[in-house]
Amino acid sequence: MTDFAQRLLEWFDDHGRKDLPWQQEVTAYRVWVSEIMLQQTQVQTVIPYFNRFIERFPNVATLAAANQDDVLSYWSGLGYYARARNLHKAAQQISVAYDGKFPRLFEDVMALPGIGRSTAGAVLSLATGQRHAILDGNVKRVLARYEAIAGWPGKTPVATDLWLAAERHTPEARVAEYTQAIMDLGATLCTRSKPACSRCPVSEGCEALRTDSVGDYPGRKQRTAKPLRTTTMIMASANGQVCLERRPEAGIWGGLWSLPELGEDSIDDWCDKELGSAVTELLSWDILRHSFSHYDLDILPIVVRIEPHAGKVADAGVRTWYRLDDAPPGGLAAPVIKLIDQLKKSENVANN
DNA sequence: AATGCGGGGAG
DNA sequence: CTCCCAGCATT
């Protein structure tokens with residue numbers, strides 16, 4: 001065992017996290033769900049989503065049997081919705097190919113949609129104790145500093161070096177605890193800013209600390225200016241209902257329900273063409289800026305009151321009337337949740 | 001090898 | 001405001 005692993009495990013006994021929801025009643029399924037939710041998402045954000053998801057889908061069979069709208073509704077607000085679609089698809093594959101039992105072979109796990117090298121290693125090491133390395137954001141930061149591996153981890157040669165270090169330090173015994181320990185170190189001491197090197201169990205061998213350059217690791221990606229895009233979202237409202245449409249599988253917010261977006265048409269033409277209704281009242285709200293990692297989106301919300309005989313939509317498979325005091329038909333993107341909440345409030349005011 | 005994919009927490 | 005997080009799939 002490397003000195004690094006030895007000291008890390010000793011530290012874990014006293015300071016590691018052992019009370020996270022997915023650390024109770026450890027099963028491959030629960031660890032898998034948690035690892036998918038934790039991709040690019042922090043622990044505190046994930047916990048309530050994990051608890052709700054597990055309550056509704058306690059095992060592979062219940063998840064595989066659910067429809068996609070149901071699954072996405074439990075993911076609504078978490079982001080990266082391809083994760084939920086892949087999780088669902090993988091559960092169905094596990095049902096068929098492995099009789100509902102999560103596979104134990106690394107290659108089989110890697111072959112499931114949404115699971116790559118790091119997640120496969122994390123699930124198998126945490127749930128079964130098999131010796132596999134992981135390389136998530138925390139581990140990249142810890143190892144880049146400890147070994148002074150320069151450069152942005154998105155570059156192949158940098159990632160290759162980090163994986164080699166990860167493999168080299170992963171011990172033969174106590175693998176599950178080691179995996180949790182190195183993530184905990186990154187999350188609690190070896191943080192992105194203001195790392196607590198004075199309390200670090202491996203500070204003695206840390207090359208970045210020795211050269212007083214902890215802040216230089218890991219290397220950052222050179223960033224370009226984010227473009228700004230704009231869209232108009234239509235909140236067509238009648239009889240306490242609002243029109244929603246399902247987005248295509250590919251692209252942003254794939255498979256989620258959203259508000260219709262206005263293209264080149266005028267509002268009146270759109271309502272006539274798509275809903276077969278005339279506008280009775282028109283109201284523009286303030287622009288809502290929604291920020292993605294790669295662009296900003298300015299949303300101009302337009303509330304359209306239409307004639308109350310609206311029951312018709314042009315394409316019933318893609319559009320639906322959503323009753324505001326009802327449960328949503330599926331997953332909703334975060335800004336759509338915000339706008340619909342605002343609409344509910346304004347409806348309540350109007351009715352009081 | 002580079003890019004697309006969400007949303008939020010931290011500073 | 002900026003940075004980037006328990007990454008993976010696609011091209």
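To find a chain, count down the sequence lines: A is the first, B the second, and so on, and within it residues start at 1.
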Tell me: CG of A:L143 to P of C:dA6, nearest whole Å? 13 Å

Does a nitrogen or oxygen in the side chain of A:K140 sit under 4.0 Å from OP1 or OP2 of C:dC5? no

Can you check whether A:Q39 has a side-chain N or O nearer than 4.0 Å to OP1 or OP2 of C:dA6? no

Check the phosphate of B:dA10 against A:T191, side-chain N and O only, distance under 4.0 Å to OP1 or OP2. Yes or no? no

Grab the two heavy atoms, one from A:Y81 and one from A:A334, that are nearest each other, plus how far apart they are. OH-N, 4.4 Å

Identify whether any heavy atom of A:V139 sits under 4.0 Å from a base atom; if not, whether one sits that close to sugar-phosphate; answer base, sugar-phosphate or nothing. nothing

Using a 4.0 Å heavy-atom cut-off across all strands, classify A:S293 as base, sugar-phosphate, or nothing. base

Classify the side chain of A:R117 and the base of C:dA6 as holding, or not holding, a donor-acceptor pair under 3.5 Å. no

Taking the side chain of A:N86 as its heavy atoms from C-beta onward, which of B:dG4, B:dG8, C:dA9 lies nearest to it? C:dA9

Measure from the side-chain heavy atoms of A:Y80 and tell me the nearest of B:dG7, C:dG7, C:dA6. C:dG7

Using side-chain contact (heavy atoms from CB on, under 4.5 Å) as the criterion, point out the one residue from A:I134, A:I36, A:L38 that pairs with A:T119. A:I36

Mind checking if A:R85 touches a base, just sugar-phosphate, or nothing, with heavy atoms under 4.0 Å? nothing

Heavy atoms from C-beta onward define the side chain here; which of C:dC5, B:dA2, C:dA6 lies closest to that of A:K155? B:dA2

Closer than 4.0 Å, any side-chain N/O of A:Y81 to the OP1 or OP2 of B:dG7? yes

Does the A:T41 side chain pair with the main chain of A:Q39, one donor and one acceptor, at a distance under 3.5 Å? yes

Ranking A:P218 and A:D296 by the position along DNA chain C of their nearest nucleotide, the one closer to 5' is A:D296

Rounded to the nearest 0.5 Å, what separates atom CZ in A:R305 from atom CG in A:L282? 11.0 Å

Out of C:dA6, B:dG8, B:dG6, which nucleotide sits closest to the side chain of A:L38? C:dA6

Counting only side-chain N and O atoms of A:W253, is one of them less than 4.0 Å from OP1 or OP2 of B:dG7? yes

Whole angstroms only, please: what is the CG-P distance between A:L78 and B:dG9? 11 Å

When all nucleic acid strands are considered with a 4.0 Å heavy-atom cut-off, which category describes A:A187: base, sugar-phosphate, or nothing? nothing

Can you tell me if A:H290 touches the phosphate of B:dG7, counting only side-chain N or O atoms and a distance under 4.0 Å to OP1 or OP2? yes

When all nucleic acid strands are considered with a 4.0 Å heavy-atom cut-off, which category describes A:G154: base, sugar-phosphate, or nothing? nothing

Among B:dG7, C:dC5, C:dG7, the one nearest any side-chain atom of A:D136 is C:dG7

Going through the checks in order, is the side chain to side chain contact (heavy atoms under 4.5 Å, CB included) test met by A:V109 and A:F102? CA-CA 8 Å; A:V109 176; A:F102 194 91; 3.8 Å; yes

So what does A:G186 hit on the nucleic acid, given a heavy-atom distance under 4.0 Å: a base, only sugar-phosphate, or nothing? nothing

Using a heavy-atom cut-off of 4.0 Å across all strands, would you classify A:T41 as base, sugar-phosphate, or nothing? base

How many whole angstroms separate atom CD1 of A:I115 from atom C1' of C:dA6? 14 Å

Between P of C:dA6 and CZ of A:R83, the distance in whole Å: 12 Å

Give A:A82 one of three labels, base, sugar-phosphate or nothing, depending on what nucleic acid heavy atoms sit under 4.0 Å from its own. nothing

Between B:dA10, C:dA6, B:dG7, which one does the side chain of A:F292 approach most closely? B:dG7

A:R220 side chain near C:dC4 phosphate (N/O to OP1/OP2, under 4.0 Å): yes

Okay, side chain of A:R247, backbone of A:I252: is any donor-acceptor separation there less than 3.5 Å? yes

Select base, sugar-phosphate, or nothing to describe what A:L135 touches, counting heavy atoms under 4.0 Å on all strands. nothing

Are a donor atom and an acceptor atom from the side chains of A:D184 and A:W11 found within less than 3.5 Å of each other? no

What's the gap between C:dC5 and B:dG6 when it is taken at their C1' atoms, as a whole Å value? 12 Å

Have a look at A:W152 and say if it touches a base, only the backbone sugar-phosphate, or nothing, with a 4.0 Å heavy-atom cut-off. nothing

Note: for A:K221 and A:K338 on DNA chain B, the residue whose nearest nucleotide lies more 5' is A:K221

With rounding to the closest Å, how many angstrom separate the P atoms on B:dG11 and C:dA6? 13 Å

A:I47 CD1 - B:dG7 P separation (whole Å): 20 Å

Pick base, sugar-phosphate or nothing for A:L20, based on heavy-atom distances below 4.0 Å to the nucleic acid. base

Among the nucleotides B:dC5, C:dC8, C:dA6, which one has an atom lying closest to any side-chain atom of A:Y295? B:dC5

Report the nucleotide, chosen from B:dG7, B:dG4, C:dC8, that has the shortest atom-to-atom distance to any side-chain atom of A:H294. B:dG4

Tell me the interatomic distance from A:L288, atom CG, to B:dG7, atom P, rounded to whole angstroms. 11 Å

Can you tell me how far C1' of C:dC8 sits from CD of A:Q40, to the nearest Å? 9 Å

Quick one, A:I299 and A:L339 - any side-chain contact, counting heavy atoms below 4.5 Å? yes

In whole Å, I'd like the distance from the CG atom of A:L87 to the P atom of C:dA9. 12 Å

Nearest-angstrom distance, C1' atom, C:dC4 to B:dC5: 15 Å

Heavy-atom nearest nucleotide on DNA chain B for A:G251 versus A:Q42: which residue maps closer to 5'? A:G251

Sub-6.0 Å ring centroid separation between A:Y295 and A:F292: yes

